[in-house]
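I have placed the structure first, in the form of structure tokens, so that the comments after it can refer back to it.
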Amino acid sequence: MSTPDPSAGLAERAAALRQQLHHHAHRYYVLDDPEIPDAEYDRLFRDLQSLEDAYPGLRTADSPTQRVIGQVLDGFAPVRHAVPMLSIRTETDTTAGGAEAFDARVRRELALAEADPPVEYAAELKFDGLAINLRYEDGVLKQAATRGDGETGEDVTQNIRTVNQIPLRLIGVAPAVLEVRGEVYMRRDDFDALNERQRTLIAAGAKNEKTFVNPRNAAAGAVRQLDPAIAARRPLSFFAYGLGEVLGWAIPESHSRLMDALAAFGLPVCADRAVVLGAAGLTDFHRRMGDKRDALPFDIDGVVYKVNSRALQERLGFVTREPRWAVAHKYPAQEQMTRVLDIDIQVGRTGKLTPVAKLEPVFVGGTTVSNATLHNEDETRRKDVRVGDTVIVRRAGDVIPEVVGIVADRRPADVGEPFDLYRRLGGRCPVCASPIEREEGEADWRCTGGLTCPAQRKQALLHFASRRAMDIEGLGDKLVDQLVDAGIVRAVPDLYRLGFANLATLERMGEKSAQNLLAGIEKSKATTLGRFLYSLGIRQVGEATAKDLARHFGQIDRLMDARVEELLEVKDVGPIVADSIRHFFDQPHHREVVEQLRAAGVHWPDHEGTASDAPRPLLGKTLVLTGTLPTLGREEAKELIEAAGGKVSGSVSKKTHYVIAGEEAGSKLDKARELGVPVLDEAGLRGLLEP
Ligand code: IVH
């Protein structure tokens, strides 16, 4: 008589749990569209874990409990690639010409005549991470290897198993062998969170910890981390873009179909891809993705074009190690190396002293950069940036260029001293020589000169004139410099006393520009109380707070006389903001400025937006705008909503009342659908605005 096997029936139970967990992990990590709450997933996970603990024989390599396994390694074993991992030719001409040149080459190689139809291409993003080969045997992830020299890479399976987006088992009926190639990368938000964590560790005294200069480096470091437990704490993501060895599978006949098939196997495939026709289709894709680049949650350094048809790919073949059917078309690099020639200190509007690296000019993010911010003293010391250092500068989109870090092994022997802002300035403002101070718990040093400091005056004028403040067209930084340096304008009210006579004394000031400026100043007189308050540059009072204050008090005199307790009644105004506002209006010269501006004719509708006048159909409602609306600009829509008493928020949550979506709406729309938040178009918004 044989003893009954205690695990009989349990094997089926374990398999069912694995199956469910694979399914939900795919919904969560790959599709970003979970079907069950996290707690439910955790419960299933724990059930499987206890089953496996009780019956270790039930544990399989593809079990979701087996993501983080293995020992700290001495090194990585070499892996010979069954099919070499090639690279692609890079088109460095970042203009449309790059795409045209590729299409022309393809047409020539295929011997197409001008009258022949355009070639079909699969266009996708060029992810800025590192290439990985994933080997699935009978649907189970068996090995992950780096590219290495293309022939032989390194076995990084332990670390790659920790990447939640990479399935341990493929969905459905899988080929006997399927090697999937793609890019391991780190999302920008994961990168920021990782660096934040690293900073905390360093601050707590951890040795051997460092911050990373960019997501690419962080990803590369994580993949080549010898301790899988550490790798598991470095959040990586993955996108599939190609194949290696394949056995027992009829490969789809086009690249785009192949990507669809990989997605169906449960692999992450980027949604920003398209099938396009000819050079025009390619340049359009290059431009569209270029516009989108800064809004993507991860870094890209270009786009990749691939001839879509596999038959044509085979006809085109390879030159040396590169396929003739694919090309990478770059965008201007957002990071470059250069040298720090000096560290200057700039004085901002509120007296904030910002260290700025003077750089050997370098072409980055589409322009020549010779200054990059170092943010503040602590940041400069943390990065240990010194005069003479080689640094990485980053300029992404419209963001001001910044120094992300130094290249330590390029530090010259005669490098400068560690940065010390106070010593560097001898304790005085570089512009007005007033003493500088840094308050307890504040990151910034400040000039104490207030508006007696010309630098602060200039910045205050620029802020006053800026688009979201008084919106004075034609008053830019060059002109402000001239006006302040010539002593024509000392404070904001002087702007409204300008005439032809004093403008004519300025260099390079033609009659036409003088006229335009005066017209711009005149036009700015009709404003709103919210804009006016914002333009005064009260510390802690940004655009939103200024609007809230305007709405709450209705009249400026009531605000100027408000006690701290009354200020605290305003939504989102806390003690720091309230103190700052009180402090501002306690200074007689600030009240004087307000009086002079009113006397000069600056005006706004009385009781603007208070409950007593205009109907406020959106009172208490929070709306989120996404995408491009057909006729309303983003700012216009915002102003209309706010005038109707509503609030515009930047992110969708359960508390959002409506999402207003236009063309090319992004993740906010998905989120709204997920949370069941009503989604309206522009017409719908107009409907809401009607009293
Ligand atoms: S295809 C034979 N597609 O760029 C074609 N590569 O040399 C193989 N990369 O380091 C590459 N995004 O890791 C391809 N959508 C994409 C890509 C991509 C990034 C990387 C790849 C390699 C380099 C191409």
Side-chain angles (χ1 to χ4, degrees), residues 81-92 94 98-99 102 106 121-134 144-154 156 160 163 165-166 179-187 214-217 219-220 223-224 236-246 251 254-260 262-263 267-276 282 285-286 288-290 292-293 296-310 312-331 333-334:
H81 297 299
V83 175
M85 281 182 86
L86 304 173
S87 64
I88 41 181
R89 179 184 165 125
T90 299
E91 184 54 74
T92 47
T94 60
F102 172 62
V106 167
Y121 297 102
E124 48 195 39
L125 301 178
K126 185 169 190 300
F127 315 107
D128 202 5
L130 65 158
I132 287 285
N133 183 67
L134 304 176
T146 60
R147 177 170 181 275
D149 63 5
E151 298 288 338
T152 307
E154 288 177 318
V156 289
I160 290 302
V163 180
Q165 273 203 326
I166 295 182
E179 286 190 357
V180 177
R181 287 178 179 170
E183 201 86 348
V184 170
Y185 67 95
M186 194 177 284
R187 288 170 54 100
N214 58 34
R216 211 201 90 80
N217 285 8
V223 169
R224 303 198 68 259
L236 296 175
S237 300
F238 176 78
F239 277 130
Y241 56 62
L243 292 177
E245 187 180 33
V246 176
I251 301 173
S254 71
H255 184 77
S256 57
R257 290 266 173 260
L258 168 63
M259 291 298 106
D260 297 342
L262 294 183
L267 290 152
V269 171
C270 183
D272 279 308
R273 60 192 172 105
V275 175
V276 300
L282 297 178
F285 185 81
H286 185 257
R288 279 197 298 123
M289 294 303 127
K292 204 172 175 179
R293 184 182 188 189
L296 290 171
F298 46 84
D299 284 354
I300 58 168
D301 55 353
V303 289
V304 176
Y305 310 135
K306 298 169 182 174
V307 170
N308 201 25
S309 150
R310 284 182 49 81
L312 290 185
Q313 286 182 6
E314 270 155 37
R315 257 177 66 194
L316 285 159
F318 296 82
V319 241
T320 58
R321 323 276 312 136
E322 294 170 349
R324 281 202 193 83
W325 45 266
V327 79
H329 192 191
K330 297 271 237 181
Y331 291 122
Q334 293 181 322

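Note that the coordinates shown come from a computational prediction; the quantities given were computed from them, not determined experimentally. Whatever order the structure lists them in is the order used to number ligands and atoms, beginning at 1.
Look at P323 and you'll find a heavy atom under 4.0 Å from some atom of ligand 1. Within the structure, ligand 1 has K306 among the residues with a heavy atom less than 4.0 angstrom away. In this structure, L125 is part of the shell of residues with a heavy atom less than 4.0 angstrom from ligand 1.
Taking atom 13 (O) of ligand 1 as the reference point, the nearest protein heavy-atom neighbour is E183 OE1, 2.4 Å. Nearest protein heavy-atom neighbour of atom 10 (O) of ligand 1: A131 CB, 4.3 Å. Nearest to atom 8 (C) of ligand 1 among the protein's heavy atoms is L86 O, 4.0 Å.
If you check the side chains of E179 and H81, you find no donor sitting under 3.5 Å from an acceptor.
For the atom pair CZ (F239) and CD (Q165), the distance works out to 6.5 Å, reported to the nearest 0.5 Å. Here the CE-CZ distance, from M85 to R321, works out to 12.0 Å after rounding to the nearest 0.5 Å. Taking NE2 of H329 as the start and OG1 of T94 as the end, the distance is 6.5 Å to the nearest 0.5 Å.
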task: Would you sort out whether R293 and D272 count as a salt bridge (charged side-chain N to carboxylate O under 4.0 Å, His left out), showing the intermediate values?
output: CA-CA 11 Å; R293 184 182 188 189; D272 279 308; over 6 Å; no
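A distance below 6.0 Å separates the ring centres of F102 and Y121.
When the heavy-atom distances from atom 14 (C) of ligand 1 to W325, Y305, Y241, F318 are ranked, the shortest goes to Y241. Of the candidates T90, V327, I88, it is I88 that places a heavy atom closest to atom 7 (O) of ligand 1.
For ligand 1, the atoms lying closer than 4.0 Å to a non-hydrogen atom of F127 are 12 (N), 15 (N), 19 (C).
The distance criterion of under 3.5 Å between nitrogen or oxygen atoms is not met by V304 with respect to ligand 1.
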